[in-house]
Amino acid sequence: MLITGCSSGSGGGDGNAKPKAKPAAEPKPLTEGALRPLLLSQADLGAGYVQAQEEPDSGKFDDVSVQGCPSLEKLGQSGDETMFASKAEASFTYDSDASLGEELHSDRPSVLSSKLRELFGAYTACPTYTMTSGTTPIEVKIAKSATPELGDEQFAYTSTMELPAGAQVLKTMSVRKGNVAVMLVGAPALVDRHIKTAVGKLPAGS
């Protein structure tokens, strides 16, 4: 079975000789209800993980602003939380001091692809910037990270935040598989350890 990837060429040869034949219809986005069973569970992660209570998104980032990175400032103004058709999320703590958050997003594959490129492009456009949470300025350093060969597209970067209590390093990795993208954010070792399992839970034909 030939699955159309993200190549720009049409490939042709499917018996349709029409010069302007419409491409095959893209898979529709999954609903939040369909995404929820695809999230990682404590059983998937193993011993030492505790699932955190979900908090409503509204107001979560109201007191966070960015200075020194125009692409991120622009992204914040456009509201990246509502960029995809549907979303489901879960978060875990590990050994009480490390965290792992997961988001599943679904949309048409072309929309997922272009918006993930925009999102990760914005976050990796500036090697350093300042993030203000409330009245506390936090220096952030960003570095692109290597990604495993999973799914149709992969993106990753590592952020180091200089907090009053010391530096905190977080890794953000996303893998798109058809019309679903999984995004893990947390301690780099935990993200690297569980990304394959997370992608493995996505539908084969998505």
Please give me the minimum heavy-atom distance between Ala122 and Ser71, naming the atom from each residue. O-OG, 3.2 Å
What's the spacing between [X] [atom1] and [Y] [atom2] if we round to 0.5 Å?
X	Y	atom1	atom2	value
Leu202	Ser106	CG	OG	9.5 Å
Leu45	Leu100	CG	CG	6.5 Å
Ile142	Thr128	CD1	OG1	9.5 Å

Run the salt bridge (charged side-chain N to carboxylate O under 4.0 Å, His left out) test against Glu162 and tell me which residues pass, sequence neighbours left out. none
Any sub-3.5 Å donor-acceptor pair from Asp107's side-chain atoms to Ala85's backbone N or O? yes
For the backbone of Gly68 and the side chain of Glu73, can you confirm whether one donor and one acceptor N or O come within less than 3.5 Å of each other? yes
Any pair counted as ring-ring contact (aromatic ring centres under 6.0 Å, His included), so long as it reaches residues 163-202, sequence neighbours left out: Tyr49-His194
Per the ring-ring contact (aromatic ring centres under 6.0 Å, His included) rule, what does the pair list look like for residues 168-193, sequence neighbours excluded? none
Any heavy-atom pair between the side chains of [Y] and [X] that's under 4.5 Å?
X	Y	value
Lys201	Leu40	yes
Met173	Pro148	yes
Leu72	Cys126	no
Phe84	Leu112	yes
Val140	Val66	no
Ser91	Ser99	no

Go through it in stages, so that I can follow the logic: the residues are Thr130 and Ile138, the test is side chain to side chain contact (heavy atoms under 4.5 Å, CB included), and I'd like the CA-CA distance, side-chain angles, deciding distance and then a yes or no. CA-CA 6 Å; Thr130 302; Ile138 299 167; over 6 Å; no
Decide side chain to side chain contact (heavy atoms under 4.5 Å, CB included) for Leu104 and Leu39; before the verdict, give the C-alpha distance in whole Å, the side-chain angles of both, and the deciding distance to 0.1 Å. CA-CA 7 Å; Leu104 291 177; Leu39 288 164; 3.7 Å; yes
What do the steps show when you test Leu190 against Phe92 for side chain to side chain contact (heavy atoms under 4.5 Å, CB included), and what is the final call? CA-CA 11 Å; Leu190 302 187; Phe92 303 86; over 6 Å; no
Begin with the C-alpha distance, continue with both residues' side-chain angles, and end with the deciding distance and a verdict on side chain to side chain contact (heavy atoms under 4.5 Å, CB included) for Lys87 and Glu32. CA-CA 6 Å; Lys87 170 186 176 181; Glu32 180 187 351; over 6 Å; no
side-chain hydrogen bond (donor to acceptor under 3.5 Å, both in side chains) against [X], all qualifying residues, sequence neighbours excluded:
X	result
Ser41	Asp44
Gln67	Ser65, Thr132
Ser145	Thr158

Table please: side-chain donor-acceptor pairs of residues 164-171 below 3.5 Å, with sequence neighbours left out.
{"from": "Lys171", "atom 1": "NZ", "to": "Asp192", "atom 2": "OD1", "distance (Å)": "2.7"}
{"from": "Lys171", "atom 1": "NZ", "to": "Asp192", "atom 2": "OD2", "distance (Å)": "3.3"}

Tell me, please, which residues at least two apart from [X] pass side chain to side chain contact (heavy atoms under 4.5 Å, CB included).
X	result
Thr172	Phe120, Tyr157, Met183, Val185
Val199	Leu150, Val175, Lys177, Val182, Ile195
Ser110	Glu26, Arg108
Ala34	Leu30, Thr31

Geometric cation-pi criterion Arg176 and Phe155, 6.0 Å radius, 45° cone: no
Starting from Val111, can I reach Leu75 by hopping between I/L/V/M/F/W/Y residues whose side chains sit under 4.5 Å apart? no
Name all pairs fulfilling the salt bridge (Lys or Arg N to Asp or Glu O under 4.0 Å) condition that reach into residues 132-150, sequence neighbours left out, sorted by first residue then second. none
Ser174-Gln154 side chain donor-acceptor pair, cut-off 3.5 Å: no
